Every structure is written in C-alpha cells, then in structure tokens.
Amino acid sequence: METSIGVSVRDGDTLFIDGKWHAADDGRTFAVADPATGTPVGRAADAGPAETDRAIAAAAAAFGPWSRETAYRRADVLWRAHALMTERAEDLAALMTREQGKPLKAARNEVRYAADFLSWFAEEAKRVYGGSVPSGRADQRLSILRQPVGVVAGITPWNYPISMITRKVAPALAAGCTIVLKPAEQTPLCAVAVFELLAEAGLPPGAANLVTTSRPGPVGERLLDAPAVRKLTFTGSTDVGKELAARAAATMKRVSMELGGHAPMIVMDDADPVHAAKGAALVKFLNTGQACISPNRIFVHRPILDAFTDALVSRVGALVAGPGDRPGVTVGPLVDDAALAKVTAQVEDAVAKGARPLAGGERLTGDGLAAGRFFAPTVLADVDESMRIYREETFGPVAAIVPFDTEDEAVRRANDTEYGLASYVYTNDMGRAVRVSEALRFGIVGVNDINPTAAAAPFGGVGMSGLGREGGPQGIDEYLDVKLVGLAVPRSGRD
Ligand code: NAP
C-alpha cells in the first residue's frame, strides 16, 4: 500500500522470509499507531513460532553461499543499500516521524546515521584481515583466520527504529553472516522499509529475514533456542537483555547486549554555564529523552549552580512539544502509555521527596495534544539519592539537577550506578578533563561534547549497560570467529 508518506507501508504482508514478502500463516496482523495522534499508520503481520522457524531455516540455508561470496560482492550490496537509503531519506524520515513520533529534523538525522552504518561496514567487509603467528617450531606455521559466526538473531527497540537495524544488519552481512531480525512492535514499518531497500540492493534470498510480531516471547524463544542460530545481538532494556542472555547460554550463542543507561553529566565550575546548559538541553531532550545516552543526572558544581539552572530553564521554556511533522516542533510524544506513566511517577516521587519543578512537571493535553502521550519538558532542581529518578532510567523529557561541591564527589556520585553506557563532563581545565574522563566508569565519555557517537566509532557500555561494541572496526568483530590453523611443514620436500 502506498501512502502519503511516500514509502510503501505494506498491508499486513510484512514478513520477509527467503527473499519474499509474506503475511502471517493465520493472517493475523497488529495495528501500528502514530504516538502523537493515535491515528493508524498501518498494520504488520503478527508472526509466531512457525514463521520464525522458517526464517531461521532460510537464513541457515543462505549462510553457505553468502559467506563464500567475496567481500567485494558483499560490500557492493551494502553500498547499493546505502545509495537507496540516501535517495529515500526524506520518505524514510517522514515514516519514522509518523510511526515513532520524533520531530522530522531528528528523523532525518537518524536516517543519515543509519546510512552511515551501511557505508562503513561495506568498507569494513574488505578489511577482515587474518594474521600469522611466529611458531616456536621450525617445521610449523600458525595462521589466523577470521570467519563469520553463522546465523544471527537480531532484536531491536523502537527509539531508533532504523539505525538500530542497520547497526546490526550491516556488520552481520559484511562479515558473511545471515540474519533474522525481530524489530520492536511499535515500529515494524520502519523495519519493513529497511528490508525493502536491502532486497532491492540485490541481497540474495534468505541472507536477511524480517519477522514482525506483537508476541516477542514465543518468537524470541524460537530464536534463542535454535541451535542453528550462533549469535544474538540485542538492543533494548537491561531487564529483557538479562533474560535473553541467560536463555542464549543454553546453546552457547555469542551475545552482544546494548542495554539501558543512566548517564551522568558533570558540569564543573570552570565551564561556561550557559554553553553547558545549551548542551544539556540538546542532549537531554533529544528524542524526548528516549535515548540510552540521555543524561539522567546532571551534576552541577555549586558555584555555577544558579547560572546553569537559569540558562537551562530558559532553554527548556523555548522547546515546543507537538506532533513531529508540525513546523517548529522540537519535542515529540512519548512512545506509549507505559512510558507516560513511568515519567509521571518518577516526577511525582521526586517532588514528594523535595525536588523543585522549575519547568514542566506534568502531562500536556492542550493545543490538540490530548490524543498523544506528551509530557512537558521538565527541569527538577535539588534531586538527590533518595529519589527514583536518581537510580532508574527515566526515558523521558526530565532534566534532574544534582548540586555537588568537589571533583572527587562528582566522579564518585556519577559512578554510583549499575549502568555504564554514556557520560559527559563540561570543563575548560585540561587536567580535569583528563582526570575525570579516565575515572568515569562508562563505555563512552563526552568532554564538552554531547554527541560522542559515529558509525566509525565503537559504541557500547560496561556493567549493566551491556556487552560488546557496535560500530567502528570493533563492530564487525562481534560477527567473526577466530580460527587458528597450524600447518606442519616438513624441512625438506623429499625427507
Ligand atoms: P525492550 O522492552 O527491552 O524491547 C527491546 C526489544 O526486545 C523489542 O523488540 C521487544 O519486542 C523485544 N523483547 C521484549 N521482550 C522479549 C522477549 N521475551 N523475547 C524476545 N524479545 C523481546 O526495550 P525498549 O523499551 O524497546 O527500548 C528501550 C530500552 O532500550 C532502553 O532501556 C534503552 O536504554 C535501550 N536502548 C539501548 C541502546 C544502546 O545502544 N545501548 C540503544 C537504544 C535503546 P516488543 O517491542 O514486541 O516488546
């Protein structure tokens, strides 16, 4: 079905298995709604175990031929997919805004980021180098091969509905793996649009398969239990990631886990408070706070607390909430009722325990927003350890300000979390920048930088934020096994 969005949103036949589009076996579909208005965007096939098994079988059958293709041929397919994604960027962004809710400008940025993974891994396909190791024996040669792990299961979230897919599918295909992808149930149509362009780019049948479903449990179990699936790559919440990793252990799958975060931002007294507040506002309200790298605790040095807070409140006052395709809108809706309930509960808990709301603090229903799940961009002052927001991932538009007095205290409190994904520090003192960035126990540190991410750089966390890295040269390692080949070489061909 073609829509005003410009890209096909299909009509229930959203399973891509062995190179063909299918409906669910029993014809079951589920609705996809615009989170800003509640209006329907389309319907997706509701796959179950049988369709998942067929997708795994198709990926297993395609693995041999695809892994034996040259790296140059695999790179060609990814480059063509990159060209198609770039050509369709505007339509893909419009679809993302309808299905996921983010403002059009942010959706355009995400499509560019998603396309970057296709081009980056198209090039990395050609750099899967092996090696040789000096042997202690004169009659032996040792060489190292790097080979694709096999069939991969990918499970992705709704908050970055296109880039989280290319961040997995591109390195898997580049390495010579085949994949079965299960996207989030809120955003299956963005996944369909990605798979349509992969198919058009000349991917052979079975190399990448898409299973849309509203039943993640039974579909996930098939993916996790299948001995043929050799790797699980998951992006989502820590709670779900822990369950999936435990189940994947029974068949000893490789696992990559990109999980939740609770990023600290430290603003030191030598930083420019106005500049730091600008950065805090940009990264905190990005994707309505629904980003794993969103700062959840903003630690501000007491000498500049008032200047920083005033600048942040003034910036937050200029944000405009609304449907992402409305001109001038800078903050979209939350994804669903559960997200709205969680943000509301965290703000109520903090205020009850003494936090002061300086902006926002409640749901927005005026100006035609009642049908969506809009929460006013919020600033809370005087947040402390007793409050839920200090420990739980918020995933919403709430900036929580925590005052501090010394550098050591800031680092200690920033590290006082089970998560370890992104962290930020604002300082103009070089010594402090080095000390603090080395002491922060996180996979990513932004020093006066609110976007320390790129397809060419490794992204990932420590602690309960996960295992492994996506992007960069490290991103393809996750899809490769290392093989040692020992070769006995007789001293003379005639002995
Ligand atoms: P989620 O609830 O964990 O869901 C993520 C994916 O897992 C979805 O496709 C979901 O399917 C699926 N899933 C849920 N239960 C499952 C099961 N039992 N078996 C198989 N699959 C299952 O997370 P989310 O709410 O979509 O995403 C937000 C979370 O992702 C946040 O914690 C955020 O920090 C994290 N995140 C991390 C990164 C990173 O790079 N570290 C990036 C983006 C997001 P359904 O949609 O059908 O439930």
Side-chain angles (χ1 to χ4, degrees), residues 30 32 35 44 46-49 52 99-100 102 110 113-114 117 153-168 180-191 210-226 229 232-248 255-263 286-296 334-339 342 392-396 417-422 442-444 452-453 455 457-471 475 478:
F30 61 98
V32 181
D46 202 359
T52 309
E99 192 181 34
Q100 194 272 344
K102 67 184 65 177
E110 185 183 335
Y113 182 51
F117 287 106
I155 299 180
T156 50
W158 48 267
N159 64 337
Y160 285 87
I162 293 189
S163 57
M164 293 302 98
I165 293 177
T166 56
R167 201 162 80 168
K168 298 184 184 312
V180 178
L181 185 98
K182 190 212 88 60
E185 64 188 271
Q186 294 93 337
T187 54
L189 303 179
C190 280
L210 175 67
V211 177
T212 57
T213 186
S214 73
R215 294 171 283 171
V219 166
E221 282 171 16
R222 303 309 280 198
L223 291 170
L224 291 164
D225 294 349
V229 174
L232 167 68
T233 171
F234 173 76
T235 300
S237 60
T238 296
D239 284 348
V240 173
K242 282 195 284 191
E243 270 179 44
L244 301 189
R247 192 152 182 150
V255 291
S256 299
M257 293 279 150
E258 295 287 349
L259 308 177
H262 204 278
L286 180 73
N287 213 14
T288 317
Q290 301 171 116
C292 50
I293 59 165
S294 189
N296 229 96
L334 291 166
V335 73
D336 55 23
D337 290 336
K342 183 177 183 191
E392 292 175 11
E393 188 178 31
T394 303
F395 241 52
T417 169
E418 61 176 5
Y419 292 109
L421 187 56
F442 292 79
I444 300 168
T453 60
F459 183 105
V462 300
M464 295 310 242
S465 290
L467 294 171
R469 292 294 179 269
E470 290 193 317
E478 305 280 338

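Because only heavy atoms are used, hydrogens play no part in the values below, and waters and symmetry mates are left out as well, while side chains stay in. Counting starts at 1 for both ligands and their atoms, in listed order. Quick caveat: nothing in here was measured; it's all calculated off a predicted structure.
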* To do: List the closest protein heavy-atom neighbour of atom 15 (N) of ligand 1: residue, atom name, distance to the nearest 0.1 Å.
  => Val240 CG1, 3.6 Å
* **Mode of Thr156 contact toward ligand 1 - side chain, backbone, both, neither (heavy atoms, under 4.0 Å)** => backbone
* Does ligand 1 have any atom that is closer than 4.0 Å to a heavy atom of Ala291? -> no
* To do: Return yes when at least one protein heavy atom is under 4.0 Å from atom 46 (O) of ligand 1, and no when none is.
  => yes
* Report yes if Thr213 has an N/O atom closer than 3.5 Å to an N/O atom of ligand 1; otherwise report no. => no
* Structure fact -> Ranking Leu244, Asn287, Thr453, Ile293 by closest non-hydrogen atom to atom 17 (C) of ligand 1, top hit is Leu244
* **Which residue and heavy atom of the protein sit nearest atom 22 (C) of ligand 1, plus the separation** => Pro216 CB, 3.5 Å
* **Test item, Met257 contacting ligand 1 (heavy atom, 4.0 angstrom)** => no
* To do: Could you check which of Glu185, Arg469, Arg167, Arg222 puts a non-hydrogen atom nearest to atom 40 (O) of ligand 1?
  => Arg167
* Do any heavy atoms of Gln290 fall under 4.0 Å from ligand 1? -> no
* N or O contact, Leu259 vs ligand 1, cut-off under 3.5 Å -> yes
* **Phe459 and ligand 1 - part of the residue with a heavy-atom distance under 4.0 Å** => side chain
* Would you kindly specify which portion of Ser465 sits under 4.0 Å from ligand 1, judged on non-hydrogen atoms: side chain, backbone, both or neither? => neither
* Structure fact -> So for Arg215 against ligand 1, with non-hydrogen atoms under 4.0 Å, the contacting part is neither
* **Heteroatom proximity flag, Lys182 to ligand 1, N/O under 3.5 Å** => yes
* Where the side chain of Thr288 meets the backbone of Gln290, is there a donor-acceptor pair that is under 3.5 Å apart? -> no
* Asked: So is there a nitrogen or oxygen of Ser237 less than 3.5 Å from a nitrogen or oxygen in ligand 1?
  -> yes
* Ignoring hydrogens and geometry, is there a side-chain-to-backbone donor-acceptor pair from Arg167 to Gly471 under 3.5 Å? -> no
* If only atom types and distance count, is the side chain of Glu99 paired as donor or acceptor with the main-chain N or O of Leu189 below 3.5 Å? -> yes
* Asked: Does Trp158 have a non-hydrogen atom less than 4.0 Å from ligand 1?
  -> yes
* Structure fact -> So for Leu223 against ligand 1, with non-hydrogen atoms under 4.0 Å, the contacting part is neither
* To do: Heavy-atom distances under 4.0 Å are what count here, so tell me which part of Thr235 touches ligand 1: side chain, backbone, both or neither.
  => both
* Asked: Does the distance from a Lys or Arg side-chain N to an Asp or Glu carboxylate O, for Glu470 and Lys168, drop under 4.0 Å?
  -> yes
